[in-house]
Amino acid sequence: MAIHDNLRLLSQRFWGLTRREQLLLLAVVAILLLAVFFIIHLQIERNAQTIQRKTEDKIKKLDRIEKLTGNYYLGQKRREYFENKLEKTLPGLTSHVEQAATQAKIEISSITPRADAFIDGENILERSVELTLTDVTLESLVAFLKTCEEGPGIVFIKQLRIEPRPQNVLTCWITVATYSKKT
C-alpha cells in the first residue's frame with residue numbers, strides 16, 4: 001500500500017503545480033528518460049561491438065587452427081609416404097640410372113659412384129652417383145630426369161649443372177641419390 005499511497009501523493013502534487021511547472025517537470029522527466037535510454041543504448045552497443053570483435057578474433061584463430069591441422073595431416077601423409085618409400089630399396093642405383101638413360105635415348109659419358117653416407121643418426125643410408133652427359137637435348141634431359149626420379153624407393157636429383165653448347169645441345173653434370181633405411 002505504501003507504493004499506492006506514494007503514487008497518489010505524487011499525482012496530487014503534480015496536479016497542484018501550475019501549467020508551466022507541469023510542462024517543465026514533464027520536459028525534465030523526458031530528458032532524463034532519453035538520457036537513461038541513450039546511456040543504456042550506448043552501453044549495449046559497446047558490449048555488442050566487444051562481443052563481435054571477440055567473435056571475429058575467435059573465428060580467425062579457428063581458421064588458423066584448421067589450416068594448421070590440415071598442414072599437420074598433410075605432413076603426416078607425406079611422412080608416411082616417404083617412410084613407405086624408404087622401405088623399398090633400389091636394387092642398384094647405377095643400373096637404374098643407366099636404364100633411365102636408355103629410355104630417354106641418352107648416352108652417359110661417365111658415371112662415378114660416390115661413397116655411401118648415413119643421415120639422421122645413421123638410420124638412413126644415402127647412395128649416390130655422379131654422371132656426365134654430353135650433347136644432350138633439353139627434351140631428352142627432362143625425360144631422363146623424370147624417369148630417374150620415378151624409380152622404386154626414394155630417388156632424387158641432388159645436384160644438376162647445365163652448360164649450353166652450340167647447336168641446341170647441353171653438357172650436364174648430375175648427382176643422383178637414393179635413400180633407404182639402414183639394414
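Treat the numbers as computed from the prediction; the structure is a model and nothing was measured.
- Follow the hydrophobic side-chain contacts under 4.5 Å out from Leu26 and you reach Trp15 in the same cluster.
- One finds the CG atom of Leu160 at 9.0 Å from the OG1 atom of Thr175 (value rounded to the nearest 0.5 Å).
- Pairs engaging residues 52-79 under the salt bridge (charged side-chain N to carboxylate O under 4.0 Å, His left out) rule: Arg79-Glu83 [sequence neighbours left out].
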Item to complete: Would you please test Trp173 and Gln159 for side-chain contact (heavy atoms from CB on, under 4.5 Å) and show each step?
Response: CA-CA 8 Å; Trp173 294 269; Gln159 185 177 15; over 6 Å; no
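- One distance of note links CG of Leu93 with SG of Cys148; it measures 7.5 Å at 0.5 Å rounding.
- Applying the salt bridge (charged side-chain N to carboxylate O under 4.0 Å, His left out) criterion to Arg13, with sequence neighbours excluded, gives no partner residue.
- For the atom pair Glu126 CD and Ile154 CD1, the distance stands at 11.5 Å (nearest 0.5 Å).
- No hydrogens or angles considered: nothing links the side chains of Thr178 and Arg127 as a donor-acceptor pair under 3.5 Å.
- The hydrophobic cluster containing Leu34, built from Ile/Leu/Val/Met/Phe/Trp/Tyr side-chain heavy atoms closer than 4.5 Å, also comprises Phe37, Phe38.
- Side-chain polar atoms of Ser109 and Thr134 form a donor-acceptor pair below 3.5 angstrom.
- Considering all non-hydrogen atoms of both residues, Phe144 and Val97 come closest at CE1-O, 3.6 Å.
- Atoms CG and CD1, on Leu131 and Ile111 in that order, are 5.5 Å from each other to the nearest 0.5 Å.
- Linking ILVMFWY residues whenever their side-chain heavy atoms come closer than 4.5 Å, directly or via other members, leaves Val142 and Val169 in distinct clusters.
- A donor-acceptor contact shorter than 3.5 Å is absent between the side chain of Ser11 and the backbone of Leu7.
- Distance check, rounded to the nearest 0.5 Å: CG of Leu133 to CG of Leu141 gives 7.0 Å.
- Counting side-chain heavy-atom gaps under 4.5 Å among Ile, Leu, Val, Met, Phe, Trp and Tyr, the cluster of Leu125 also holds Phe118.
- Taking OG1 from Thr94 and NE2 from His96, the interatomic distance works out to 11.0 Å, rounded to the nearest 0.5 Å.
- The environment of Glu107 atom CD is sparse: at most 12 non-hydrogen atoms of other residues, nucleotides or ligands sit within 6.0 angstrom.
- When hydrophobic clusters are built by joining Ile, Leu, Val, Met, Phe, Trp and Tyr residues whose side-chain heavy atoms come closer than 4.5 Å, directly or via intermediates, Ile51 is not grouped with Ile44.
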Item to complete: Dump the intermediate steps for side-chain contact (heavy atoms from CB on, under 4.5 Å) on Glu21 and Thr18, then the final yes or no.
Response: CA-CA 5 Å; Glu21 290 172 335; Thr18 65; 3.2 Å; yes
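- In summary, of the residues considered (Val176, Ile174, Thr112), a side-chain contact (heavy atoms from CB on, under 4.5 Å) with Val129 occurs for Val176 alone.
- Among pairs with a residue in residues 140-150, those fulfilling side chain to side chain donor-acceptor pair (under 3.5 Å) read Thr137-Ser140, at least two apart in sequence or across chains.
- Minimum interatomic distance between Phe14 and Gln22 (heavy atoms only, all atoms of both residues): O-NE2, 3.0 Å.
- Residues Ile65 and Tyr73 are members of separate hydrophobic clusters, defined by side-chain heavy-atom contacts under 4.5 angstrom among Ile, Leu, Val, Met, Phe, Trp and Tyr.
- The side-chain contact (heavy atoms from CB on, under 4.5 Å) test applied to Asn47 returns Gln43, not counting sequence neighbours.
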